[in-house]
Amino acid sequence: SGQLRIIFQFLSESFVLCLVSLIVGMGIAQIAMPFLNSTLGISLPSIVDDSDLPWFLAMVLVFLTICSGAYPAFFLLTFKPVTVLKGEVKGNTRYLFLRKALVVFQFAISAFMIIATLFVAQQLHFMREKDLGFNATQLMIVQINNGEIDRATFKERLLREEGILKATYTSGHPGGFYDATTVNIMGESQGMRMRTLWADEDLLETMDLSLASGRFFSRDFPADATSSVILNETAVRQLGWSNEDALGKQVILSQFDSVYKEVVGIVRDYHFTSLKEKIEPMIISHRDARGHLLVKLSGSELSNTIARVERLWKSYDSGFPLEFTFLDDVIDRLYSSESQQGKIFTVFSFISVGIACLGILGLASYMASQRRKEIGIRKVLGANANQVAVLLMRDLLILVITADLVAIPLGYWAIEKWSEGFAYRAPLGTGIFFIGALSVFTLAMAIVALNVSRVAAQNPVKSLRTE
């Protein structure tokens, strides 16, 4: 047979295999598309609706055919027919090294993906469970976007409704926008930039905030409306004061006030922005009516309580629909991209582990076939199946351990880089590295053991006769 005919035969076989694989892959992709869209929160178009996809797949088919068919074709052309017929062809150690390197690469990627997935899940759990300094449960945010509503009477009527526990007007809410201004201190030449919040007397109880010192705004002190402010602990700390020393200080919001106001209380720090950002200095000023109404609802009959709020809103004959959300949903949306990343890592972890398992299964089969004669001789000389299995698994065991040793520092580096975007992050222990490495090791050894045990149990006479 001519060399061109051999090359054509291998390329033809590769083309058929790649074509069948491509068709099967397209079918799997089409079936999995709705699941991926819903799980990952994305919107991928159907593959049948993409007009450019056939051209791309055609190029992929040609590329895969050449890559998978050219290597065996040109490799076999280097063999001499006489050598092949005598059975003197042995595996090239250079190509065996390449196979081993690919297996190490595949399992290193698998271990890396598992480690990354575990840390992303750990960070998400940390952010959801961390004490934010306030209680977001059943806290409804109503947008007051209508000038026709008398805010004072609306709040009074709302608090009389069944299922309404507390309510407060604020200029912002956690996870939302907070303005900033320079706050000047009486007797000092330089001021400090602080986040600003305007709220009424009910903010503390509605959000379950805590005081570190002093008091909050109170209806028992009518002057609070024009002469009092509250600072958070970060502001006090950055000003170089203690909580007790801060009380009684005179400050002024340069862009909003014309007179100095007295610091009457220090509120404990709470995370009014994402955990990706450090808590900034904040000053809280008194204002009865602002653009947001935070409403604390009871845990029972939530849908009926919301319906009562909607009826009250409509009683004002407003042309504006009631716009509301819940604070815990707002907080969850702050980390939607990280949640999506975690799902993507999980999907690709399963894919990479599956590919790596196929790779090590193929390598184990190849190494066992190359040592068939050695295995037969050892068994004739008295070696049992367990000894033969250990002999075959030893080299593969080294490959998997090498992959883990590559994946652990790579995973640590990637986690450190990814975590730079978080001011507050989960503690990085050794557990996720151990679990990632052990998972890959256990799975690889289980697959190899099944294949090797089958080879080790074969009749040595049969293998020697074949040789």
Discussion item. Are there over 12 heavy-atom neighbours, none belonging to F348, within less than 6.0 Å of that residue's CZ?
Written reply: no
Fill in: Separation between CZ of F112 and CZ of F345, rounded to the nearest 0.5 Å
6.0 Å
Discussion item. Between S110 (side chain only) and S352 (backbone N and O only), is there a donor and an acceptor less than 3.5 Å apart?
Written reply: yes
Worksheet entry | E280 and R193 ion-paired at < 4.0 Å | yes
Worksheet item: Mind checking whether H292 and H173 have parallel, tilted or perpendicular rings, split at 30° and 60°?
Response: perpendicular
Worksheet item: Does any N or O in the side chain of D200 come within less than 3.5 Å of the main-chain N or O of Y169, such that one atom is a donor and the other an acceptor?
Response: yes
Worksheet item: Would R333 and D329 pass as an ion pair if we require N to O under 4.0 Å?
Response: no
Worksheet entry | Identified side chain to side chain contact (heavy atoms under 4.5 Å, CB included) counterpart of I141 within the set L294, V295, L293 | L294
Worksheet item: Should the ring pair W418 and F422 be called parallel, tilted or perpendicular, given that the plane angle runs from 0 to 90° and is split at 30 and 60?
Response: tilted
Discussion item. With a 6.0 Å cut-off (strictly less than), is the heavy-atom count around CD of E205, excluding the residue itself, greater than 12?
Written reply: no
Fill in: Ion pair check, E416 and R425, cut-off under 4.0 Å
yes
Fill in: Salt bridge present between D224 and R219 (N-O < 4.0 angstrom)
no
Discussion item. Using only atom types and a distance under 3.5 Å, with no angle test, would you say the side chain of K276 pairs donor to acceptor with the backbone of Y424?
Written reply: no
Practice prompt. Look only at the side chain of T442 and the backbone of S439, and say whether a donor-acceptor pair between them is shorter than 3.5 Å.
Written response: no
Worksheet item: Do the charged groups of R237 and D269 touch, with an N to O distance under 4.0 Å?
Response: yes
Worksheet, complete the sentence: Interatomic distance, CD@Q122 vs CZ@F126, rounded to 0.5 Å, equals 9.5 Å
Worksheet entry | Donor-acceptor pair, side chain of S336 and main chain of D332, under 3.5 angstrom | no
Worksheet item: Quick one: does T196's side chain have a donor or acceptor within less than 3.5 Å of a partner on D179's backbone?
Response: yes
Worksheet item: For atom CZ of F434, is the number of surrounding heavy atoms from other residues, nucleotides or ligands below 6.0 Å larger than 12?
Response: no
Practice prompt. Mind checking the CE-OH spacing from M282 to Y270? Nearest 0.5 Å is all I need.
Written response: 4.0 Å
